[in-house]
Number of protein chains: 2
Amino acid sequence: MDEAPKRRVTLVDIAADAGVSRATASLVIRNVSSVAEGTRKRVLKSIKRLGYVYHSGAANLRTQRSNAVGLIVSDITNPFFAEASVAIEERLAASNYVTLLGNTSEDRAKEDRVLKTMREFPAQGILICPALERDTSGGASALAGQLPMVAFARRARGLDYAGVDDAQGAQLAVEHLYKLGYRRIAFIGGSSNSSVSQERVDGYRKALTRSGLKFDPLLVIPSTPTRRGGYDSVRKLLQIENRPTAALCFNDVVALGVIEALQLSGIRVGSGFGVIGFNNIPDAAYSLPGLTTVDTSPRQLGEAAAELLLKRIEQPDSPTRTVILQPRLIVRESCGAST
Amino acid sequence: MDEAPKRRVTLVDIAADAGVSRATASLVIRNVSSVAEGTRKRVLKSIKRLGYVYHSGAANLRTQRSNAVGLIVSDITNPFFAEASVAIEERLAASNYVTLLGNTSEDRAKEDRVLKTMREFPAQGILICPALERDTSGGASALAGQLPMVAFARRARGLDYAGVDDAQGAQLAVEHLYKLGYRRIAFIGGSSNSSVSQERVDGYRKALTRSGLKFDPLLVIPSTPTRRGGYDSVRKLLQIENRPTAALCFNDVVALGVIEALQLSGIRVGSGFGVIGFNNIPDAAYSLPGLTTVDTSPRQLGEAAAELLLKRIEQPDSPTRTVILQPRLIVRESCGAST
DNA sequence: CGAAAGCGTAGGATCGATCTAAATACCAAG
DNA sequence: CTTGGTATTTAGATCGATCCTACGCTTTCG
C-alpha cells in the first residue's frame, strides 16, 4: 500500500476529469452563462465526484480582491461593541466579505500589531474602534490614505467616522430630568481621555446652562465605565453637600451599578432620585426600576460603519465622510416618569 | 500629467531597486540568516524607500498555510462567549494566526454558510460553538475528518471538544444549598435542546438523589437563557405548591432576572431564599445580593479550545480529544452564606 | 460558395510570494 | 595557480485560481 499524499483537488483535476480546460471549469464554477449546458453538467458532476473545494485564496490573488475586511474592536466584551460587531459582521457577510477579528483590549501596542497583520493580509479595508489614548493621531490615522478605513464609536483623525451624537443624547437626558423637576443633576462615570465621554459631558453642561441651571464641576464624578465604577461612585455622590437628586450616567452598565448602590443606601430610585443611562443595552429593560436611557442603537451604528467602509472601498479617493446617528430617549421608570 | 495607476510594490520592485534577485529579497524579508549583512541592509533600505507592504496572501498560496482560523460563535453578544472569543483570538494571534469571525445568531443556515466560506477561504482550522438544535450531527460534524475543527462550550459529534463539567458544577451548587439547609430546590432556565442544559439538569438531579432528596420534574422550569427568561420564570415558581426555597439557575443572566423578580415579590434573596447562577460573569459580583455562582471561566475555556485546535492542525489524524474544565463554586451572599 | 458573425472552448500569461537545486563568489590550503 | 569547501545568490518552477486573446466550428447571408 503506498499511502496517498492526499493532494488537494484543483481545477486542473476537474478539467482533466471532465475533459475540458481549466478555463472552462473556472467558468462553470463562477456560474458564467456562456458555457454550454452539457459541458456545465459534466463539469459539475466531476466537481461532486472528486469532492472539489473552491480555493478563494488563489482566486483572490489573481483578482486582487481579498474579500476580507478587518474589524478591530477595543473591547468586544462590552455589550455595546458586541452588538455593533455582530451588525458589522452581518452586513459585510451580505456583501460577501469575510471579517477578520482583532480585539485590542484597549492596548495601543496590540492595536498596532493587529493593524499590521490585517494590512499585510491584505484586508481590503478596516473598521476600527480605536483604543483609548490621548492623541488621536496614532497608528490607525497613519494609514489614512493607504487603505480604506472607517472609525466607529470613537473618532480617529483623517478617517471616515460613524458615531452617535453623544452631546445631543446627553441634552435629551438632562432636559427630561429638568422637565420632571430635578434641579441638581450629577454626571457619573466619565473619563477625560475618551472623546465619547467628553462629548457627553459637553452636552450635559450645555443642557444645564440652557435650562438656566449652573454647571458644577463637583457634580461630574469620573469612574471606570463598568458596573463596579458606577457602584463605587455612589459613595462620592452621597458625600457631596447639597446632595444631587438625579444622575446622568456615562452608560447603562454604570447606571445599573449606581442604582444598586443607591438602593442599598436606602435611596429609592424612580421616586426621589432619578437615574438615566446611555446605550439602552438589553439589561436596561429588566432592571428594577426599568432604566430610562439614551438609546444609541449599536446595530444601526454597526450597519452605518460597514456601509461607510463598503462605499470607501468602492471609491478610495472620495472625501472623508461622517455619519452621526441621532439618539433617542427611552423612558422607563428610573426617573419616576412611567409612560 | 499622466496619472500613475498606483501599482502595488512587490518583491520584484524591491529586488530591482536593491540590485538583487527576488529570491534574495524574499530571504531578507523572512529574516533568513544566510544573507550577507551588506545585502540585507541594501534590501531593507529599498523596502523602506519604496514603501513595500508584505503580501501574506501570496505567500500563503505558495506555502499552503493560510494562517487563518475560523471562529464561529452562536452568539457573541452573550458575555460568556464574548470572553471566550477574546481568549481564543489572543491565543491564536500569539501563534500568528488571524481569526475569521462568524456569528450565527443560533441560526443553522447561517452556520452552514459561514462554515462554507471559511472552508473555501481556506481557513486552516475552525473553532465552533454550534448553534442549538436537536441532532448534533449537523453541518459542523459533517466536515469532521476534512478540516481541523474543535467544538467548544457545546458538543458536536466527531469533533474535538473543550467544555466545562456542567454536571459537576450543578452538583457543587446543589450540595452547597443542601449544606445550608435548603431542601426544596428548583432548577430554572434550562432548555431541552441544549446539551449544556441537559448536563446541568443531570448534575442537579444526581446531586439531589445523592443527598437523599427526591427529584421533582415540576421543579425544573424551562426558559430562554436570558434575563427576561429568569424574570418571567419566577411567576411560575411562585405558583408551585409547597413553594421551593432555593433555585439553581441555568446561568448568571437568568439568575439575575430571578433575583430581581423575587425581590419585586417581596421575597428576600439570601435570607429565606437561595439563588445560585452559572458562569460567574462580571456582573455577578455586583448584584445585590452578590450572586453565588458556579465559575466556568470563559477565558480558560477559550484558551483550552484554541490549544486543542493548534494541536490538531499539527496532527490532523490524531484521535479525537476532549478537554473538560472543572468548575468551582464562588460563594457570595445570594444563598445566605457570606464567607 | 466564401466571408462575416457568433458561440463555446482552449492555451498561456498572470497575481506575489516561496521552494528547489544549482550556480557563483570568496577564501584558505596545497 | 589550482582545488576544495563554505558562504551567498539566483533562475525557474510552483501554489490555484482568473484574465485575455485566439481559434475552431456552426450558422447566416450577400
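Values in this document were obtained by computation on a predicted structure and should not be read as measured data. Proteins get letters first, then strands, A, B, ... in listed order; numbering begins at 1 in each. Any value given below was found using the heavy atoms of this structure, including those in side chains, with hydrogens, waters and symmetry copies removed.
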* To do: With axes from five pairs an end, tell me the bend angle of the helix from C/dC1-D/dG30 to C/dG30-D/dC1, nearest 10°.
  => 70°
* Hey, does the side chain of B/Glu83 reach the backbone of B/Pro298 with a donor-acceptor pair shorter than 3.5 angstrom? ->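 Such a contact is absent between B/Glu83 side chain and B/Pro298 backbone.
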* Is there a donor-acceptor contact under 3.5 Å from the side chain of A/Arg157 to the main chain of A/Ser141? ->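 Judged by distance alone, no pair lies under 3.5 Å.
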* Asked: Is it true that B/Arg321 and B/Glu307 make a salt bridge, defined as a side-chain N closer than 4.0 Å to a carboxylate O?
  ->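 Salt bridge: no.
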* Are the charged groups of A/Lys311 and A/Asp160 less than 4.0 angstrom apart, N to O? -> no
* Asked: When the distance from CG of B/Asn67 to P of C/dA17 is rounded to whole Å, what number comes out?
  ->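 B/Asn67 atom CG is separated from C/dA17 atom P by 15 Å.
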* Phosphate contact (C/dG11 OP1 or OP2) by A/Ser21 side-chain N/O below 4.0 Å -> no
* **Minimal non-hydrogen separation, B/Leu11 against B/Ala25, with atom names** =>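 Closest pair (atom of B/Leu11, atom of B/Ala25, distance): CD2-CB, 3.8 Å.
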* To do: Could you verify whether a donor N or O on one side chain and an acceptor N or O on the other, from A/Ser26 and A/Arg30, lie under 3.5 Å apart?
  => yes
* Structure fact -> Only residue of A/Leu325, A/Val164, A/Val323 satisfying side-chain contact (heavy atoms from CB on, under 4.5 Å) with A/Gln300 is A/Leu325
* **Pairing residues for B/Thr104 by the side chain to side chain donor-acceptor pair (under 3.5 Å) criterion, not counting sequence neighbours** => none
* Base versus backbone protein contacts along nucleotides 15-27 of chain D [heavy-atom cut-off under 4.0 Å; B, S, -] -> BBBBB--------
